[in-house]
Amino acid sequence: MMIPKHLCVDISAHGLGHLAQATAVINSLDFNSCDIRLTIRSMAPKETLRERIRSDIAFDIITYQQDNGMAMKDALHVDRDKSIDWYRSFHSNYSQRLSDASRDLESLQPDLVFGDIPYLSLEAASMVGIESVAMCSLNWADIFKAYCGDYLGAGNIHSEILHAYSKASLFLQPAPSMPMSNLAAAHTASCGTILQPISPLAISGNKVSPEILSQRCRSNTENNKGDHIISSSTTPLTRFILIAVGGVGIDSFPLDSWPVIENIIWIFPDQTLLTQSDTTCFRSDFVPQSQFEKKHKMLYIDLLSSCDLVITKTGYGTQTECVVNQIPAICINRHDWPEHPFLRDWHHQHGEVEFLDWSDFGTFKFENLVRSMLAKQNGWTKDQVIANGDKEAAEIIQEKLFGDAEK
């Protein structure tokens, strides 16, 4: 009997974007033809992992922290002081952490490590002779340098992170990605350039009709306090706007001044409606996201692809999903986030998007922009973007695991 090839997948738990990218690749692996044993290590919620991975794929989950990304005040603001404190602590005994991580991999005995994008296990894998492949549109070395590079001791930490990334045999960069020139230089110095661009990573949703959304919207629901949230009556003219700000929420939505627009339903994250003013939570045009996802078992990506407009922040996942599903977007500017200029330019090139500062939300400027986006008569004017990054990455992983035997 052939022994299964063991794939260890390490996922950063900074928000949900890394989980979304990694699980898209996992779902594209050919488990029918290839005998793969799968182990996932992450601090990401286990229930979220199970929701994102195909039900026919068996895997083991190990709760395991290898990075922290950046400490966040909320979805828009990095906490620089807390971030440098974490990195200083983590790297104060980095050699010991590296030794421990190497022993952990020796115990697991994987044939390949695939990481999005913890750096510790990439270097640990190289120490025990295990090949590794990294993948992400960003890397923590560049992000760390952007926010913490001026702190005492940051230079040594940055060098250790770069060195760890250089130990991966490949670093896959799904479009649109940061240039990663520092990482390219580190790779060139150690073993040659190994950055490899791949197509975008995004899921296509199954769009449902406005009539079905309206039916699901008209149903009553309850929040976790037992209060009833009643959605308004809908009409054939009703338009749906999804507020999608990622796994790290925003606590300060200006709901008190949020515009009321005829025939518009705003779909908010549940937590936003539960943690803010009781008065605004009862607005008839506010609907919690769980009304669709939990009550009606609707996948998030199907909800996104069924809406008329998405409000999001600068971030790989939702921006690429909007483009691939051809949904217009209003994006909250994050001028200090290193990915911002690259995501902004790519989104403008391939999608229908406008960018707005957070301070303008809840104002007439915001309301007018929403009306303008919904009033466009030409619809989607850009060419379809094909997101094959998951399949391309899966083929590379299978080639690393099985070589010519895969075929």
Side-chain angles (χ1 to χ4, degrees), residues 16-18 20-25 27-28 52 116 135-138 171-180 195-210 212-213 239-246 267 298-335 337-356 369-396:
L16 297 176
H18 305 281
Q21 290 183 354
T23 55
V25 175
N27 288 334
S28 293
R52 295 290 187 117
D116 188 331
M135 182 192 75
C136 196
S137 56
L138 57 82
F171 196 116
L172 306 179
Q173 293 181 283
S177 282
M178 296 172 59
M180 304 192 196
L195 300 182
Q196 181 168 331
I198 59 175
S199 300
L201 281 167
I203 301 173
S204 295
N206 295 311
K207 183 182 179 70
V208 304
S209 68
I212 292 177
L213 273 189
R239 314 288 290 277
F240 296 89
I241 301 178
L242 177 66
I243 289 81
V245 293
I267 304 171
M298 191 174 186
L299 295 177
Y300 166 79
I301 193 61
D302 296 342
L303 177 60
L304 180 146
S305 67
S306 303
C307 287
D308 299 280
L309 180 67
V310 168
I311 294 171
T312 187
K313 62 177 176 63
T314 297
Y316 186 94
T318 305
Q319 286 190 256
T320 55
E321 287 166 350
C322 285
V323 168
V324 167
N325 289 280
Q326 298 190 335
I327 304 299
I330 295 174
C331 193
I332 305 166
N333 278 316
R334 295 174 73 191
H335 298 291
W337 187 250
E339 280 187 293
H340 178 80
F342 311 106
L343 287 169
R344 178 198 59 208
D345 293 350
W346 184 87
H347 204 160
H348 275 306
Q349 180 182 356
H350 297 286
E352 304 291 343
V353 63
E354 296 293 342
F355 287 79
L356 192 68
L369 182 56
V370 170
R371 291 181 182 275
S372 173
M373 295 289 285
L374 293 175
K376 290 184 178 180
Q377 298 298 314
N378 295 331
W380 196 267
T381 61
K382 307 295 177 64
D383 292 338
Q384 177 73 51
V385 171
I386 306 301
N388 283 330
D390 56 339
K391 298 179 179 62
E392 294 168 15
E395 289 177 1
I396 290 168

* **Validation row: Val25, Asp116 side chains within 4.5 angstrom (heavy atoms)** => no

* **Test item: Glu321 and Tyr300 side chains (from C-beta on) under 4.5 Å apart, heavy atoms** => yes

* **Minimum heavy-atom distance Ala202-Val324, with the two atoms named** => CB-CG2, 3.7 Å

* Looking only at atom types and distance, does a side-chain atom of Arg239 sit under 3.5 Å from a main-chain N or O of Asp308, one as donor and one as acceptor? -> no

* **Donor-acceptor contact below 3.5 Å, side chain Asn27 vs main chain Thr23** => yes

* Leu343 backbone acceptor or donor facing Tyr316 side chain under 3.5 Å -> no

* Gln384 and Gln326: side chain donor to acceptor below 3.5 Å -> yes

* Side chain to side chain, Leu201 and Thr320, heavy atoms closer than 4.5 Å -> no

* To do: Measure across Ser28 and Asp390 and return the closest heavy-atom pair with its distance rounded to 0.1 Å.
  => OG-OD2, 2.9 Å

* **Check: Gln319/Thr312 side-chain N/O donor and acceptor closer than 3.5 Å** => no

* In terms of side-chain heavy atoms, does Ser199 have a donor or acceptor partner in Asn388 at a distance below 3.5 Å? -> no

* Asked: Ignoring hydrogens and geometry, is there a side-chain-to-backbone donor-acceptor pair from Lys313 to Ile332 under 3.5 Å?
  -> no

* Minimum-distance pair of heavy atoms, taken over all atoms of Cys307 and Leu242 -> SG-CB, 3.8 Å

* Asked: Yes or no on side chain to side chain contact (heavy atoms under 4.5 Å, CB included) for Trp346 and Val353, after CA distance, side-chain angles and deciding distance?
  -> CA-CA 10 Å; Trp346 184 87; Val353 63; over 6 Å; no

* Could you tell me whether a side-chain N or O of Lys382 sits under 3.5 Å from a main-chain N or O of His348, the two making a donor and an acceptor? => yes

* Going by atom types alone, do Thr381 and Glu352 pair a side-chain donor with an acceptor below 3.5 Å? -> yes

* For Asn325 and Gly205, indicate whether the former's side chain and the latter's backbone hold a donor-acceptor pair under 3.5 Å. => yes

* Asked: Considering only heavy atoms from C-beta outward, does the side chain of Gln173 approach that of Ile198 to under 4.5 Å?
  -> no

* Expected output: side-chain Ser306 to main-chain Val208 donor-acceptor under 3.5 Å -> yes

* Shortest non-hydrogen contact between Ile301 and Ser204, atoms and distance -> CG1-C, 4.2 Å

* To do: Let me see the working for Leu309 and Ile330 under side chain to side chain contact (heavy atoms under 4.5 Å, CB included), right down to the final yes or no.
  => CA-CA 8 Å; Leu309 180 67; Ile330 295 174; 4.0 Å; yes

* To do: Take Phe355 and His340 through the test ring pair (Phe, Tyr, Trp, His ring centres under 6.0 Å) and record every step on the way to the result.
  => CA-CA 11 Å; Phe355 287 79; His340 178 80; 5.7 Å; yes

* To do: Answer yes or no: is there a side-chain heavy-atom contact under 4.5 Å between Ser137 and Gln21?
  => yes

* State, yes or no, whether a side-chain contact exists between Arg344 and Thr314 at a heavy-atom distance under 4.5 Å. => no

* Heavy atoms only: give me the nearest Pro328-Trp380 pair and the separation to one decimal. => N-CZ3, 3.8 Å

* Asked: Which heavy atom of Ile327 sits nearest a heavy atom of Ser305, and at what distance?
  -> CD1-O, 3.5 Å

